[in-house]
Amino acid sequence: MSEGTEEAVPGYRYTAQLANGIEKRWQDYWESNGTYHAPNPVGPLKGDVPEDKLFVQDMFPYPSGAGLHVGHPLGYIGTDVFARYHRMNGRNVLHTMGFDAFGLPAEQYAVRTGQHPRKTTEDNIANYLRQLRALGLGHDDRRRIATIDPGYYRWTQWIFLQIFNSWYDTRIRKARPIDELVAEFASGERATPNGHMWDDLTPAEREDVLREYRLAYLSDAPVNWVPGLGTVISNEEVTADGKSERGNFPVFRKNLRQWMMRITAYADRLIDDLDRLDWPEKVKSMQRNWIGRSHGARITFTVGNEGIEVFTTRPDTVFGATYVVVAPEHPLVDAIATERWPSTVDKRWTGGADTPAEAIAAYRLAASMKSELDRQENKEKTGVFTGAFAENPVNGKKIPVFVADYVLMGYGTGAIMAVPGQDQRDWDFAKMFGLDIIRTVQPTEGFEGEAFTGEGPAINSGFLDGMDVDEAKKTIIAWLEEHGCGRGTIQYKLRDWLFSRQRYWGEPFPIVYDEHGTAIAVPEEMLPVELPEVDDYSPRTYDPMDADTEPLPPLSRADDWVEVELDLGEGKKTYRRDTNTMPNWAGSCWYQLRYVDPTDTERFCEPENEQYWLGPRPAEHGANDPGGVDLYIGGVEHAVLHLLYARFWQKVLFDLGHVSGDEPYRRLFNQGYVQAYAYKDSRDVFVPAEEVEERDGKFFWNGEEVFRQYGKMGKTERNVVTPDEMCERYGADTFRFYEMSMGPMDVSRPWATKDVIGAHRFLQRLWRNVIDEDTGAVVVTDAQPDEETLRALHKAIAGVHEDYANLRYNTAGAKLIELNNHLTKHYGPGKSPRAVVEPMVLMLAPLCPHVAEELWTKLGHEGSLAHGPFPAADERYLVDDTVEYPIQVNGKVRARITVPADASREQVHDLAMADDKVTALINGATPKKVIVVPGRLVNIVL
RNA sequence: GCCCCCGUAGCCCAACAGGCAGAGGCGAGCCCCUUAAAAGGGUUUGAGUGCCGGUUCGAAUCCGGUCGGGGGCACCA
């Protein structure tokens, strides 16, 4: 490179190099001055706290080895801009970021390399912190946490014990300490399940009773076992096609003793409280859907000496039940199946078998071999007759009982009454097997479909005839209850949360087992139960298809750790530790509470601090305010996992009196994704996106045509762009400005490196309006800005205020560009009035904090602008003296008039009618109508 | 199959509560600076809002339908 190249660029031009210097300097300044430290009311972080506070939170990241790409910081910068804006307006703003650092990738990396997962994870965190710092995020670094820190997971374990040691009192719809339940049993106020006196039960027997109540409990129910991963997973982690979300392995239902969380106890509150949250409708509806509350009835159909209880959401259609279906796994199937077929049996019903027992056995076998996917893809109805008939309790009609796999054992009672007239699935089955169809709801006029699921009057339904669906439901439920053959009930899709995993890199359970295998809580003062050092981090994994395998957790091999001598009140005894670990979600269920009081060693969070930052504020947010983080930004992918679990924990803690609000996140916002183009060659292999050239709408790499696709940014796709590169090429402020100006926060958009230059040029132009590029001197004038400029300034202030407050950073940025362009055009470089430049710099600060700080200092101000002032708009300059009205004639603009802003409607009308072009068009006729919209336009209708 | 969101200039996006379709950026054209170049400056250019219909004095905006894209759920009784 020749020396001449350098000469061309003025010494004080805002180049990437200059920006990088400024950025580094301000990052150091902020750090050493604790600029973003937010004081707490009490405790180690105590300080003067203004009443006006704001808690902004990002969904914290898992620190992956790949580091951040340009998509990740979109939300982080978004929260930062919001936080900075409010901080400049005088609020006490809590904004920080920690790490959700337990998890599979670190463990798998450890398995491959023998490197301790803590080492890899901490290295990755260090790299993340370096990247985050370079972006100039205004985090309170005293509040950083990582879920893997023993000082953090001590409290995760503590909360687990709170949940373990409590039960849900359905009478008051609230969790209570388990001791209070024990007291009820002991006093006889509540009877034990087998009728024995509480005092007569052994400790193990008592524990068996309590297990049915505890909100965290051991269960032997069927769970999702993934041999390919060597662990069990929760329902929420199983994809729609029955695979594991991670690894995409087959999932098998298997009975295993596992930890469960009784989240179902909270189903109603989790649904009902959604109405009190300022969340995207989409997320709310996903949660409603997942919890799946449906109102209906359970009705008993007698079959010989047995009674089959069915669940239905349409008890009003019971007169139209023409058969009953039970799931293949239903426990009553064998009891009700008859010895042989009735003589008149329909051939289609027998599955070709000689007896019902044979038919059922063959059908069950076939059903069990079907994968989840088969069941879903092949919706052709199948089933066999049991030989038995059930009696419909409302009319005594005998109807056949079938076994069919379109009824699932896991939902409702595993049995249904089939009403083909009003249910399409039943219709399909009835057609296939030649069963009766009775309509019990009058279809609407002209209805041509099969099953009718709409509203209408009841028909063929005895005493229900003529009633609408709602009334018929109420009436029949009352009838059923009166006659003792059914009752109204509510059914949920939500299942209890499977809470244990067979992994190494997670929180150990603070539980030990005595010689009877009874689970005992580790006393609080012995927390945290730390992870032991092991030689082998891997769980035993198996052939992904091999369902007949058992989980073998890595911790179970740490013999010295598993066996532990403790004195738990009975003298020193040997106990065995629980060898499972908690799922990845545990640490993120409560981290907002720890951000509030990160260094507290006595409690997970002091009540004063919790109330200040997270407590309900009815005065501000209405009487129903649940409290919680003021703004929580993250992707929509956690809609039913993290966000449901966190709400559940919060409610338990609230019930037990540990927190003052019953929701963790008052306002949720889903940011969009930054996506990118990727290119594949003719062999379907990705090529480096950066090296692809576009010619005439086609794409080429190394002279060969390649094909473009749009999607996520990733290593595999070879299209990753990192913030590091952007900072190096343009500086962090340019990167921030560009990323925020790509579009509104909630919209996904394609990354376009070539567009970044626009943001950079803007900052260069703005810089040039303040600083002489050759000398570095400040060049603003002290002249009074003219009227027009003041109007432009105050209009910008008003607009930018509103845009920042509503997360419309793209338009805020545009207004700043507009204002700067006005200065350039109006005054020329270096001649802008200080009175306009200063507020402009302040308004720029939330988006581009480094360059704003630098200019603010150069303009002669001491210290940081992080805490304001933020300019306020002067109303006087927001209204114009005159307004230009377009005059429409029959909706088309034909003329324009300029009138004083305070002209009355009549004056505008008269002036418009007097306009030459208008009079020419009207040509003496009387208009039918003249519409004057004040401040907008005039429309003359001829 | 059911439910939700989105379609504005070559591209990314604006347009308050129906009122002149354009704020901003990229690109493109032209000019200036430059030996040259561009991560410099200036200036110009742009679509009638996917499509059809309705309501209205007036529709990108409201309503109905349709096409295209994205997402969620999916035999949940």
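Source: prediction; values computed, not measured. Convention: sequence-line order gives letters A, B, ...; per-chain numbering from 1.
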How many whole angstroms separate atom [atom1] of [X] from atom [atom2] of [N]?
X: A:R288; N: B:C4; atom1: CZ; atom2: P; value: 13 Å
X: A:Y730; N: B:G25; atom1: OH; atom2: P; value: 16 Å
X: A:Y323; N: B:A77; atom1: OH; atom2: C1'; value: 11 Å
X: A:E728; N: B:A39; atom1: CD; atom2: P; value: 16 Å
X: A:R905; N: B:G19; atom1: CZ; atom2: P; value: 16 Å
X: A:L766; N: B:G25; atom1: CG; atom2: P; value: 13 Å
X: A:R729; N: B:A38; atom1: CZ; atom2: P; value: 16 Å
X: A:N769; N: B:G40; atom1: CG; atom2: P; value: 16 Å

Using a 4.0 Å heavy-atom cut-off, does [X] contact any base of the nucleic acid, only the sugar-phosphate backbone, or nothing at all?
X: A:I416; result: base
X: A:S285; result: nothing
X: A:Q491; result: nothing

Between [options], which one does the side chain of [X] approach most closely?
X: A:T824; options: B:A77, B:A39, B:G42; result: B:G42
X: A:V933; options: B:A77, B:G19, B:A39; result: B:G19
X: A:N821; options: B:G40, B:A23, B:G24; result: B:G24

Check whether any side-chain heavy atom of [X] sits under 4.5 Å from a side-chain heavy atom of [Y], and report yes or no.
X: A:F669; Y: A:P280; value: no
X: A:N769; Y: A:R765; value: no
X: A:V403; Y: A:V325; value: no
X: A:T775; Y: A:Y12; value: no

Quiz item: Would A:Y363 and A:D405 count as having a side-chain donor-acceptor pair, cut-off 3.5 Å?
Solution: yes
Quiz item: Do A:Y14 and A:T734 have side-chain N/O donor and acceptor atoms under 3.5 Å apart?
Solution: no
So, OP1 or OP2 of [N]: does either fall under 4.0 Å of a side-chain N or O from [X]?
X: A:R768; N: B:G41; answer: yes
X: A:R761; N: B:G40; answer: yes
X: A:R765; N: B:G24; answer: no

Practice problem: Would you kindly check if the NZ (Lys) or CZ (Arg) of A:R708 is within the cone defined by 45 degrees around the ring axis of A:Y677 and under 6.0 Å from the six-membered ring centre? | Solution: yes
Self-check item: Quiz item: cation-pi between A:K381 and A:F429, 6.0 Å / 45°
Solution: no
Could you let me know what [N] is paired to, Watson-Crick or G-U wobble, both distances under 3.5 Å, or none if it's on its own?
N: B:C73; value: B:G1
N: B:G7; value: B:C67
N: B:A39; value: none
N: B:A28; value: B:U44
N: B:U56; value: none

Exercise. Name all residues meeting the side chain to side chain donor-acceptor pair (under 3.5 Å) criterion together with A:D774; count only those two or more places apart in sequence or in a different chain, and write none if there are none.
Key: none
Practice problem: Using side chain to side chain donor-acceptor pair (under 3.5 Å) as the criterion, list what pairs up with A:Q422, not counting sequence neighbours. | Solution: A:T440
Distance between the [atom1] atoms of [N] and [M], in whole angstroms?
N: B:G69; M: B:G50; atom1: P; result: 16 Å
N: B:C13; M: B:G46; atom1: C1'; result: 15 Å
N: B:C4; M: B:G58; atom1: C1'; result: 31 Å
N: B:C75; M: B:G71; atom1: C1'; result: 22 Å
N: B:A59; M: B:A21; atom1: P; result: 10 Å
N: B:G18; M: B:U61; atom1: P; result: 11 Å
N: B:U45; M: B:C51; atom1: C1'; result: 28 Å
N: B:A37; M: B:G48; atom1: P; result: 36 Å

Quiz item: Is B:G48 syn or is it anti, if syn means the base angle is within 90 degrees of 0?
Solution: syn
Practice problem: Specify whether A:Y827 and A:H822 have parallel, tilted or perpendicular ring planes, treating 30° as the upper limit for parallel and 60° as the lower limit for perpendicular. | Solution: perpendicular
Expected rows: protein N/O vs nucleotides 55-58 of chain B N/O, under 3.5 Å:
residue	atom	partner	partner atom	Å
B:C57	O2	A:N939	ND2	2.5

Practice problem: Give every residue pair that meets the side chain to side chain donor-acceptor pair (under 3.5 Å) criterion with at least one member in residues 738-752 of chain A, sequence neighbours excluded. | Solution: A:W751-A:T753
Tabulated below should be each protein N or O lying under 3.5 Å from an N or O of nucleotides 68-73 of chain B; please produce it.
residue	atom	partner	partner atom	Å
B:G71	O2'	A:K282	NZ	2.9

How long is the straight-line distance from [atom2] of [Y] back to [atom1] of [X], given to the nearest 0.5 Å?
X: A:W427; Y: A:M432; atom1: CH2; atom2: CE; result: 14.0 Å
X: A:I797; Y: A:M840; atom1: CD1; atom2: CE; result: 11.5 Å
X: A:I490; Y: A:F311; atom1: CD1; atom2: CZ; result: 9.0 Å

Exercise. Would you kindly compare A:E884 and A:K825 by the position of their nearest RNA chain B nucleotide and give the one closer to the 5′ end?
Key: A:E884
Quiz item: Does A:K815 or A:H760 map to a spot on RNA chain B nearer the 5' end, using the closest nucleotide for each?
Solution: A:K815
Please produce a list of atom pairs where a protein N or O lies less than 3.5 Å from an N or O of nucleotides 6-13 of chain B.
residue	atom	partner	partner atom	Å
B:C12	O2'	A:M742	O	3.0

